[in-house]
Amino acid sequence: MKQNKKIDAMFVLSLVVPVFNEADAVGLFVDKVIEVFAAEPNVGIEFVFVNDGSNDNTLDVLLALQQRCQNLKIVDLSRNFGKEAALTAGLDSATGNVVVPIDVDLQDPPELILEMINKWREGYEVVLGRRINRDTDSLLKRVSANWFYRIHNIMANPKLPKNVGDFRLMDRSIVDAIKKLPESRRFMKGLFTWVGFRTTYVDYVRPNRAAGTTKFNGWKLWNFALEGITSFSTAPLRIWAYLGFTVSLVSFVFAVFIALKVLMHGVDVPGYASLMVAVTFLGGLQLIGIGVIGEYLGRVYIESKRRPTYLVRRVFEPEDKNGP
Ligand code: UDP
Ligand code: MG
């Protein structure tokens, strides 16, 4: 790791940490952050924990931590809204000059933030944490992630940078820009990229989870990928027009061919197999087309209800610890 410059002027760094059943991990996380920033008196740390409807004792552990931490805020959501909504809630209540969304399981190493801060000082407004390998992921996750980025980036604009998660440093101006985006279904990686600004990277090796277990199974990731693509591309909708055009063209050529054949050789009854193939193939294509329209229509429907992205049960402000 590079030698870090000393950071001179005082500023506040908000760590936005979504947590879902992470009672074992939060303590380790806070200790690690405090240790990393012990030698940086000019960085004021603001912890913004978003309790995403945990059903273990995460909230109690957080409240206990609040007693011994300087500046620790807990946004307690009314139920599990998912990581994207939890991140949104965190960004909404973070007040720092720079904001870093970070996983609580120490897979996003807090030491890296020092390097990110150096880049920010050089004038970059976004500093992405980029994983230089995916050895800590299963083979299935690696292959599927690779395909997701490929397909997403063919269809969607702007392109998602590869091997970059939510772990990044953002200047206040970016957080404000993201807060202004009105959609209630939020694919954060896409939104972060969409806003643009001057961007750079710092590379890191992603370690294994420090405690607890992953909250994402295959089905959740599949739906997450669909959300990403449908939120940032309409190519899957438009592709059907081109496909329909191609199939019609081929059918037309085929029809001419059959007509000529009948003219030259007379009527030829057999053709059942080819007929069935054409009917079932086209039936399948039409169902896929309707399914894709359904995906989008469903999203339009949900978005049109204008429900809030998340609901807060209670915010535990740092100063609450002195209150009643
Ligand atoms: N998380 C959340 N809500 C959810 C699922 C996950 O807030 O519904 C949080 C989780 O507590 C963790 C972060 O999102 O801080 C990343 O989750 P995880 O480590 O399970 O994901 P992975 O690293 O396995 O992709
Ligand atoms: Mg993790």
Side-chain angles (χ1 to χ4, degrees), residues 14-33 47-62 65 72-94 99-110 112-113 128-146 148-149 160 162-168 185-189 191-192 204-225 227-228 309-313 315:
S14 296
L15 296 175
V16 171
V17 203
V19 286
F20 175 51
N21 294 346
E22 301 280 10
D24 296 337
V26 280
L28 293 173
F29 173 80
V30 169
D31 289 342
K32 178 77 191 180
V33 169
F47 289 99
V48 182
F49 281 99
V50 183
N51 182 28
D52 187 15
S54 301
N55 38 40
D56 65 354
N57 61 339
T58 301
L59 183 62
D60 300 331
V61 178
L62 286 173
L65 281 169
L72 191 153
K73 185 190 250 186
I74 305 162
V75 180
D76 190 26
L77 301 187
S78 63
R79 63 169 171 86
N80 178 254
F81 281 89
K83 187 183 174 190
E84 308 302 296
L87 272 180
T88 308
L91 294 183
D92 286 347
S93 46
V99 178
V100 175
I102 183 167
D103 287 358
V104 76
D105 55 10
L106 294 176
Q107 286 197 289
D108 302 333
L112 204 72
I113 301 174
L128 308 175
R130 182 170 56 187
R131 309 166 57 170
I132 51 177
N133 68 27
R134 280 186 167 260
D135 291 351
T136 51
D137 282 349
S138 67
L139 182 68
L140 184 69
K141 194 166 175 189
R142 260 181 285 169
V143 172
S144 55
N146 199 13
F148 166 71
Y149 282 111
L160 287 181
K162 275 197 174 184
N163 297 325
V164 170
D166 297 318
F167 184 39
R168 61 189 66 208
R185 309 251 321 208
R186 301 175 84 84
F187 180 69
M188 294 311 279
K189 268 200 271 193
L191 297 181
F192 288 151
Y204 73 105
V205 177
R206 192 163 170 91
N208 279 318
R209 228 179 197 280
T213 52
T214 177
K215 307 294 177 292
F216 286 93
N217 57 28
W219 181 242
K220 244 185 169 178
L221 285 172
W222 164 252
N223 283 314
F224 187 53
E227 186 74 42
T309 310
Y310 59 88
L311 281 182
V312 176
R313 195 166 68 85
V315 179

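Since the structure is predicted, the reported quantities are computational estimates derived from the model, not experimental observations. We count residues from 1, following the sequence as given. As the structure lists them, so they are numbered: ligands from 1, and atoms in each ligand from 1.
- Atom CD1 of Ile102 is separated from atom CD1 of Ile113 by 4.0 Å, given to the nearest 0.5 angstrom.
- Checked options Leu106, Asp108, Val19; the residue passing with Phe29 is Leu106 (criterion: side chain to side chain contact (heavy atoms under 4.5 Å, CB included)).
- Minimum heavy-atom separation, Ala25 to Asp105: CB-CA, 4.5 Å.
- Across every non-hydrogen atom of Lys189 and Leu160, the tightest pair is O-CD2, 3.7 Å.
- For the side chain to side chain contact (heavy atoms under 4.5 Å, CB included) criterion with Val99, the lone passing option out of Leu91, Val48, Leu15 is Leu91.
- Below the 2.8 Å limit, the Mg ion (ligand 2) has as protein N, O or S neighbours Asp105 OD2, Gln107 OE1.
- Arg79 and Asp52 are not joined by a salt bridge, as no carboxylate oxygen comes within less than 4.0 angstrom of a charged side-chain nitrogen.
- Taking the six-membered ring where the residue is Trp, Phe187 and Phe224 present tilted rings, their angle falling between 30° and 60°.
- Between atom CE of residue Met188 and atom CG of residue Leu87 there is a gap of 5.5 Å, rounded to the nearest 0.5 Å.
- Among protein residues, Pro18, Val19, Phe20, Glu22, Asp52, Asn80, Gly82, Lys83, Asp103, Val104, Asp105, Gln107, Lys141, Arg206, Arg209, Thr214, Lys215, Phe216, Lys220 come within 4.0 Å of ligand 1, judged on heavy atoms.
- The structure places CG of Asn51 at 6.0 Å from CG of Leu62, a figure rounded to the nearest 0.5 Å.
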